[in-house]
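To keep things clear, I will list the structure first and then write my remarks on it.
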Amino acid sequence: MALEKKFDATTAEPRLYQAWEAAGCFVAGANAKPEASSYCIMIPPPNVTGVLHMGHAFNNTLQDIMMRWKRMQGFDTLWQPGTDHAGIATQMVVERKLAETQQPSRAEMGRDAFLEKVWEWKEESGGQIINQLKRLGASCDWDREAFTMSGNFPDAVIKVFVEMYNKGLIYRGKRLVNWDPHFETAISDLEVENVETPGHMWHFKYPLAGGATYTYIEKDEDGNVTLSEERDYISIATTRPETMLGDGAVAVHPSDERYASIVGKLCEIPVGPKEFRRLIPIITDEYPDKDFGSGAVKITGAHDFNDYQVAKRGGIPMFNLMDTKAAMRADGKPYAEEAAIAQAIANGTQEFDEAMIAAMNLVPEEYRGMDRFEARKKVVNDITAEGLAVMTTVVDFNEGDDGENIQRIIPYVENKPIMQPFGDRSKVVIEPLLTDQWFVDTDKIVGPALDAVRNGDVKIMPESGEKVYYNWLDNIEPWCISRQLWWGHQIPVWYGPEKISGDENLDYKGVPLRAFCAPTAEGALSLAREYYGSETDKGGARLIELHDDTSKLYGIQNSSADGSQIIRIGRDPDVLDTWFSSGLWPIGTLGWPEETDALKRYFPTSDLITGQDILFFWVARMMMMQLAVVDEIPFKTVYLHGLVRDANGKKMSKSTGNVIDPLDIIDEYGADALRFTNAAMASLGGALKLDTKRIEGYRNFVTKLWNAGTYGDFKGTFDVPHADGVPETNLPLNNWIKGEIAKTREAVDAALDTYRFNDAASTLYSFVWNTFCSQYLEFTKPVLDGDDAAAATETKATYAWAFDQCLILLHPIMPFVTEELWGAKERPKMLVHTDWPTYTAADLVDAQADADLSWTVAMIEAIRSARAQMNVPGGDFVPLVVVGMDAAATSAWDQNEALIKRFARIESLTAVDTMPKGTAALAVSGGAFGIPLDGIIDVAAEKARLEKTLGKLAKELGGLRGRLNNPKFADSAPAEVIEETKANLALREDEESKLKDALSRISELG
RNA sequence: GGGCGAUUAGCUCAGCGGUAGAGCACUUCAUUGACAUUGAAGGGGUCACAAGUUCGAUCCUUGUAUCGCCCA
């Protein structure tokens, strides 16, 4: 079969991929040797809404290289693919689509109908990334494609929740969480992006209760009084005035002398209707920074994470001011009533509990329903109008009518950058909000995850990743796992009213009090029956039912007409954080909790290849959860890589317009070129800057390989029948290339063994382009074109074999072009399942051939260099002379005379006693070689050339001699280093003397 | 503020105790022999700076400067 002149990636890639799939090449265990060890990679599941971007392309190229390599080696392989349901992202996409197509909104259609729409969307347009991965050549076992909302996976997720709940690793509580007002759900702290944003710091006066005053004294570092005045207020600085309505206290540092006299007193929140102003205590806490602002801070436990801690420590009530859209609350009793109760609490005359505080709305009527940012403006204006803003004096220079300076007194507002939290999906400002949420008690499960890495059971690469991992896990916070969404795994908890202790009465206060956690509704029912007592126990007086409207959440206590009691339990409407289910990806996709064959064979998995940006989101959580659930590590090695950036190192983003679409790249350059580029970029710890020039270069490499194929085809090497073994050879040329291939195979394996994809790629690039094409291929020409039939036959067979080895070794990185070339002759197996070679350099390197060919290559290069610099016309054949040629050189010459003559354009070699005048000298070992150029030599050019070479040599010699002359070097350096240095020196000295001779001879001419 | 990292050729990056490599770009030459998506030859670097360890430092240690990322 004759090869096409060019490789047509566009048509070949889909054809080859189909052939692999049709033959089941990627199925788990395909091509495994009997009794093979397993090798498994879990794909980092892309969002079901995802489209392939450069990061995926990079990540999956590396995984595919490992898979294909291991599969050829005969491991029992599994590359487990699948997608993630991606709670927020998917819900967002479907909601947007409903809006675009004028369908009822999510709220209008209700939970069940909406979920149906999501599933519809998923069937129609979800998972398009899967087909895009195929275009990249990803050799996943698609028969096993998983989805976090399908098959056994949801059951596994629910089971884990229930087990962790029963072990006390999951709890529910009212905590301050990051609230996304756009999606109206809690999110975890990892889903918050803190961005420095221009902001303001306002300074307000909180008047002391009852008009009390104190002497406010400020001192400098030396204790000298710089300010002393009577004040009837305490000055507070805040970036969030709208939260003042929920203040529970003002805090100062215990060592702050300025305020010591008023600690314990009450002050007034200077906002809201004057007759209902609340008084709050001035307390001490370690949190305020004396040097920041006035040193006094307002404590708003329900709206700030630092304040929350202070409020918890100090037993200060936390008043929630906002609704789920982060607008000022509009529910509850009139402000006057609420404020009175709050005042009673502050005075200590009213007891309070969490539920009571949560129900209170301390937003004055005039603010109710207002957007939080509008409310901020209004608070500032109201306080300023009342004269309670701290004022400052500014001077407008030369602005007066007569050019004089004007002094103005204005409110003191600092313009300063503040760290503003944004939702990573919604991009709106996150509001800390006090809500009931489910948490994983990470403190209890973090230990084994840390130990597994510390003791080396799991290795993270690059090593710096381990440090980052420790740092995060050592300081881990509880993980908020409930989301107020519909798309996801609904929390398997049903609520009913709590029993009053020791009594059979039920205490229903409108909030869920008793949780029943079970995998199914039936399970929850039976837990509830057990708890409340069954109907028969109560003489038929009590009936336990499921409430069907989960959005109403909670169990309801009813009494029916006959006096019997009906208790309803209702399911928690919330769903689990997507990362909770992703955290179970390894066991979940392998069929857990069933003891499946796949689980036994492939778990724990081998390598995890993923982006360092999800080390915390995913890797750490998989570690914690797998260890918590099945007490085993999920994988042995984690390979972390960076973000793919553009050629200038900029993050690719739509708004910058620098996004490179991998599918466009595949269309233009072919998947192999993209894959090779990815491999070449993948140095451990390096930045990933993608330059299309580089892709173009590797596309050229694909062409180079193809052309080496067409050369072979042209010379008949594809007529040589396929053979698995290494061919027997006699010609030095063929002996030599076998050794070179063995060295390359070892280098590639060593590189892939240590995940140095870039080393593997550059080894192969350099071998194929330089050694194979520029040298070996060229050197076969005289033989294949020559008269020695036996030599030609041997060389044809060797070329065929050697080229096959190139295809095999390149296949993991460039599967398409290699499979296509492989298929150009009859083969026992497709390349994808061809055995990876195990020959070694020790087996195949022929020392003599190696030395001879190296010398030959050096000789050709030296002659070409001299010719080019001496301006000897390229086509001319010139004579070569030598003085004192040694045995090694003679042997090498004899073996490879034809090659040197052909490729360096030499007509003859003559041994002479002395160099003829006007000879261009060659820096080659084994004798003083020269090209006689009498008459045509450019004396000046030759002198310059020799001097330059001598200069370089002198520098090198200086270093070598310096070392050897240093007695300490001889004492301390290892023997082989000394030997090597000595040998090197001798060689260089010999070269130098020959060149010096040449220089003096040429000088005679000039 | 805490943590992690980077600084090597014009550009993008490898390397790593024995004074430096690749690709691209650049210069010169080559055009019927697998390949112009090419071939041949060549220029270009006190490896950020300073001190230390060492026989020897681009590499190890410490410090400085600049830049990046993550977490507050």
Would you mind telling me which of [options] lies closest to the side-chain atoms of [X]?
X: A/K6; options: B/rU37, B/rA34, B/rG18; answer: B/rU37
X: A/S464; options: B/rC4, B/rU38, B/rU37; answer: B/rC4
X: A/K704; options: B/rG18, B/rA40, B/rC35; answer: B/rC35
X: A/R864; options: B/rC4, B/rA40, B/rA34; answer: B/rA40
X: A/A973; options: B/rU19, B/rC55, B/rA34; answer: B/rC55
X: A/N707; options: B/rA14, B/rC24, B/rA34; answer: B/rA34
X: A/F616; options: B/rU37, B/rC71, B/rA34; answer: B/rC71
X: A/R756; options: B/rG39, B/rG18, B/rG15; answer: B/rG15
X: A/S865; options: B/rA34, B/rG39, B/rG42; answer: B/rG42

Any donor-acceptor N/O pair, A/D672 side chain to A/F816 backbone, under 3.5 Å: yes
Which part of the nucleic acid, if any, lies within reach of [X] when heavy atoms closer than 4.0 Å are counted: base, sugar-phosphate only, or nothing?
X: A/K715; value: nothing
X: A/F701; value: nothing
X: A/N194; value: sugar-phosphate
X: A/N471; value: sugar-phosphate
X: A/E778; value: base
X: A/L777; value: base
X: A/Q869; value: sugar-phosphate
X: A/E696; value: nothing

Under a 3.5 Å cut-off for both contacts, is [N] paired Watson-Crick or G-U wobble with anything, and if yes, with which nucleotide?
N: B/rA9; result: none
N: B/rU31; result: none
N: B/rC49; result: B/rG63
N: B/rA14; result: none
N: B/rU54; result: none
N: B/rC4; result: B/rG68

Base of B/rC4 paired with side chain of A/K467 (donor-acceptor, under 3.5 Å): no
Check: B/rU12 base within 3.5 Å donor-acceptor of A/R694 side chain: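 Answer no: no donor N or O sits under 3.5 Å from an acceptor.
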Other residues, nucleotides, ligands: >12 heavy atoms within 6.0 Å of A/E980 CD: no
Quick one: [X] [atom1] to [N] [atom2], roughly how many Å, whole number?
X: A/L705; N: B/rC35; atom1: CG; atom2: P; value: 15 Å
X: A/N475; N: B/rC4; atom1: CG; atom2: P; value: 12 Å
X: A/L764; N: B/rG23; atom1: CG; atom2: P; value: 15 Å

side-chain N/O A/K781 vs B/rA34 OP1/OP2, d < 4.0 Å: yes
Rounding to the closest angstrom, what is the interatomic distance between [N] and [M] at atom [atom1]?
N: B/rA20; M: B/rA9; atom1: C1'; result: 10 Å
N: B/rG2; M: B/rU58; atom1: C1'; result: 30 Å
N: B/rG5; M: B/rG21; atom1: P; result: 28 Å
N: B/rA14; M: B/rC24; atom1: C1'; result: 14 Å

Salt-bridge contact A/R699-A/E668 (side-chain N to carboxylate O under 4.0 Å):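 Not counted as a salt bridge, because no side-chain N and carboxylate O are separated by less than 4.0 Å.
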Residue closer to the 5' end of RNA chain B, A/N306 versus A/N700 (nearest nucleotide):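 In this pair, the answer is A/N700.
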A/T703 vs A/Y765, nearer the 5' end of RNA chain B by closest nucleotide: A/Y765
Smallest separation among heavy atoms of A/P44 and A/W618, with atom names: CA-CH2, 3.4 Å
Aromatic plane relationship, A/H641 with A/F58 - under 30° parallel, 30 to 60° tilted, over 60° perpendicular: perpendicular
Whether A/Y698 and A/Y765 hold their rings parallel, tilted or perpendicular, with breakpoints at 30° and 60°: perpendicular
Side-chain donor-acceptor contact under 3.5 Å, A/Y669 with A/T692: no
CA sep, side-chain torsions, deciding dist, call: A/K743, A/E746, salt bridge (charged side-chain N to carboxylate O under 4.0 Å, His left out): CA-CA 5 Å; A/K743 287 189 222 166; A/E746 286 187 359; over 6 Å; no
